[in-house]
Protein chains: 2
Amino acid sequence: MAANRRPTLADVAREVGVSAKTVSRVLNEDGPASARTREQVLAAVARLGFQPNLMARNIRVGGPDTTVGLVIPDLGNPFFGAVARGIEDTVGVRGLTLLMGSSADDPDRERALTDKFLARRISILMVVPSVGASHAHLKSHRDAGLPVVFLDRPGAGLTADSVVSTNRTGAHDGVAHLVAHGHRRIAFVGDLPTRLYTRRERLAGYREALREAGLPDDPALITNAHDQHGASAATARLLERADPPTALFAGNNIAALGIVTELARSRRKDVAVVAFDDVPLAEALEPALTVVAQNPEEIGRAAAATALARLDGDRSRARTVTVPTRLISRGSGEQRLAARHGA
Amino acid sequence: MAANRRPTLADVAREVGVSAKTVSRVLNEDGPASARTREQVLAAVARLGFQPNLMARNIRVGGPDTTVGLVIPDLGNPFFGAVARGIEDTVGVRGLTLLMGSSADDPDRERALTDKFLARRISILMVVPSVGASHAHLKSHRDAGLPVVFLDRPGAGLTADSVVSTNRTGAHDGVAHLVAHGHRRIAFVGDLPTRLYTRRERLAGYREALREAGLPDDPALITNAHDQHGASAATARLLERADPPTALFAGNNIAALGIVTELARSRRKDVAVVAFDDVPLAEALEPALTVVAQNPEEIGRAAAATALARLDGDRSRARTVTVPTRLISRGSGEQRLAARHGA
DNA sequence: ATGAAAGCGCTAACAT
DNA sequence: ATGTTAGCGCTTTCAT
């Protein structure tokens with residue numbers, strides 16, 4: 001009940017009547033120990049509730065901890081959960097444990113988290129860079145042998161390995177799908193802030209597809225939304241225009257949720273939609289949602305594989321792994337123009 | 001480029017020509033330091049890329065680390081992401097950082113993770129208990145003053161604070177909603193393993209509602225599914241029966257995804273559905289999905305508040321906080337029996 | 001098979 | 001304003 005001091009190795013040793021080193025030997029299965037001593041030590045450990053102080057151990061041993069540190073921007077977005085799962089599956093077989101924390105896409109919090117990880121001497125650092133964050137301070141660590149990998153977006157101020165989706169060609173393919181089905185006014189509903197790497201790339205892909213089709217790039221059709229509600233509002237505004245779009249391209253999964261929700265609310269089935277990144281229940285919608293699916297598990301696995309190779313001594317130049325997206329046509333991209341309200 | 005030894009406080013001190021303690025003072029803004037010394041130290045720190053070894057610091061200072069450790073069973077389930085967000089929001093204002101890892105619902109991995117957290121002397125431990133895990137080993141830590149909170153499910157072998165949803169009454173209310181709309185054959189599609197606390201409670205609520213309505217408890221209508229695909233398959237099997245249910249109750253969000261996907265695939269709009277736990281796009285479905293919504297952020301916030309109170313010296317008896325669920329009627333629970341295929 | 005002493009990187013306590 | 005000594009809890013090295 002009282003807040004007692006945690007027992008130490010010495011406490012256990014005293015209890016049994018042996019030296020600290022002997023207890024250490026038993027616990028780490030280092031050196032020999034008589035069966036009797038081992039038993040007594042184990043019993044005392046259990047009795048006192050002794051828990052070795054990993055910090056004290058690591059400070060002496062010197063080597064890095066067996067932890068992989070991951071910084072993600074949003075705990076609620078299942079995309080990053082899937083990435084984390086991919087990482088865990090891959091590093092787990094090497095006995096490494098994944099620990100993660102959220103930056104909330106704030107550079108200061110990202111910095112605080114990475115510093116915390118670094119001070120703990122983690123084995124691998126993985127970061128989904130926040131908008132506006134610099135990573136120059138990681139240079140010395142990487143040079144000292146710490147594998148650093150950027151996920152989903154490239155880092156800034158540091159040349160390091162990174163793993164990203166084919167954002168530009170994926171967006172291009174999604175928009176081209178809409179073009180192929182006769183749409184000429186296609187809106188882009190994307191993230192804030194506009195400096196976000198993935199948004200830039202996807203917007204570039206969108207514009208490429210329009211250009212290839214000889215379609216004008218109407219700035220009025222490019223909107224920003226920082227969350228699901230914002231995407232719904234943006235969708236409503238677009239459709240209220242005198243010259244509304246006939247198709248919508250969602251720049252990310254959250255925007256997709258907002259668009260789909262708003263279309264359902266206003267009972268508009270005549271608007272075509274293609275979304276970047278898959279969402280749960282996409283196939284249960286009417287029409288089912290056509291998406292440019294990312295492969296988050298693979299992004300995680302690729303990042304982990306790269307980092308493990310570095311840990312094994314790979315000193316080659318920093319590389320960028322690109323994980324392909326895949327257009328999954330489920331129907332919503334093929335809504336006929338003829339079906340439009342009042343048209 | 002080479003894997004050099006990381007610089008230490010002593011290295012910085014030597015570089016500047018002062019004592020280690022002086023560098024320590026500058027870095028921790030402890031005691032005084034002349035402007036000139038401070039500058040030189042800071043410059044050397046930057047030049048050498050010195051990063052204080054938090055472990056060495058903590059071992060000396062003795063106090064707990066400023067970390068909250070959280071163990072969740074599934075990185076991909078957005079429910080736990082939302083819980084984590086609630087925790088982070090609350091502990092963040094106290095300067096604590098949330099770090100989390102996944103047990104994959106495996107007791108051994110849960111134990112390994114908690115041991116890792118404990119060995120790091122975290123300030124607060126939060127666990128979503130895995131099925132079959134025992135938590136007796138946490139007793140000495142809790143007695144030594146470490147706040148331990150179980151989330152979503154109670155722990156085993158240790159009386160500690162816990163925060164759970166009103167699983168039983170929530171399930172009862174969801175099923176009662178179906179009963180009120182005339183359904184007499186209502187199936188339960190739930191988790192494996194059947195020992196899972198939330199499943200047991202929700203199943204009990206389901207049975208209570210049936211009993212109150214004077215309906216028989218047909219074991220053939222209670223199915224198990226361990227993932228979305230399994231829930232789809234279970235749904236298909238139920239509907240192929242000679243005496244199929246007219247309504248389905250989903251025991252969790254994953255089961256809900258499976259049910260809804262299968263109903264969409266087979267174009268069955270005549271089956272009523274109520275799900276425990278909300279899912280994205282629930283309102284965009286046709287019919288929109290009626291759910292017994294949990295409040296994961298609130299679960300996280302309540303857990304964090306409880307733990308912080310313990311940290312502040314609250315030594316009262318362990319308590320269980322119950323976070324209410326809320327029936328959100330969107331339509332799918334009101335599907336008319338009369339609309340059934342071939343009926 | 002076991003122990004004693006030194007030291008990992010850092011800071012508390014006491015100098016100066 | 002700065003330095004010295006001791007020591008956190010553990011492991012290494014070298015004895016025994």
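Every chain is numbered from 1, with letters handed out A, B, ... down the list of sequences.
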Classify the nucleic acid contact of B/Asn28 as base, sugar-phosphate or nothing, counting any heavy atom under 4.0 Å across all strands shown. sugar-phosphate
Could you walk me through whether B/Thr159 and B/Lys139 satisfy the side-chain hydrogen bond (donor to acceptor under 3.5 Å, both in side chains) test, starting with their C-alpha distance in whole Å, then the side-chain angles of each, then the deciding distance to 0.1 Å, before giving a yes or no? CA-CA 8 Å; B/Thr159 307; B/Lys139 182 171 189 323; over 6 Å; no
Does C/dC10 have its OP1 or OP2 closer than 4.0 Å to a side-chain nitrogen or oxygen of B/Ser24? no
Is the phosphate of D/dT2, meaning OP1 or OP2, less than 4.0 Å from a side-chain N or O of B/Ser34? yes
Rounded to whole Å, the CZ-P distance (B/Arg14 to D/dG3) equals 14 Å
To the nearest angstrom, how far is A/Gln40 atom CD from C/dT2 atom C1'? 13 Å
Once base and sugar-phosphate atoms are separated, protein heavy atoms under 4.0 Å mark nucleotides 4-9 of chain C, 5' to 3', with B, S and - as B-BBBB
Hey, is the main chain of [Y] close enough, under 3.5 Å, to the side chain of [X] for a donor-acceptor pair?
X: B/Arg310; Y: B/Asp314; answer: yes
X: A/Glu110; Y: A/Ser130; answer: yes
X: A/Arg153; Y: A/Val127; answer: no
X: A/Arg85; Y: A/Pro296; answer: no

Pick from B/Thr90, B/Val68, B/Asp89, B/Thr67: which one makes a side-chain contact (heavy atoms from CB on, under 4.5 Å) with B/Leu98? B/Val68
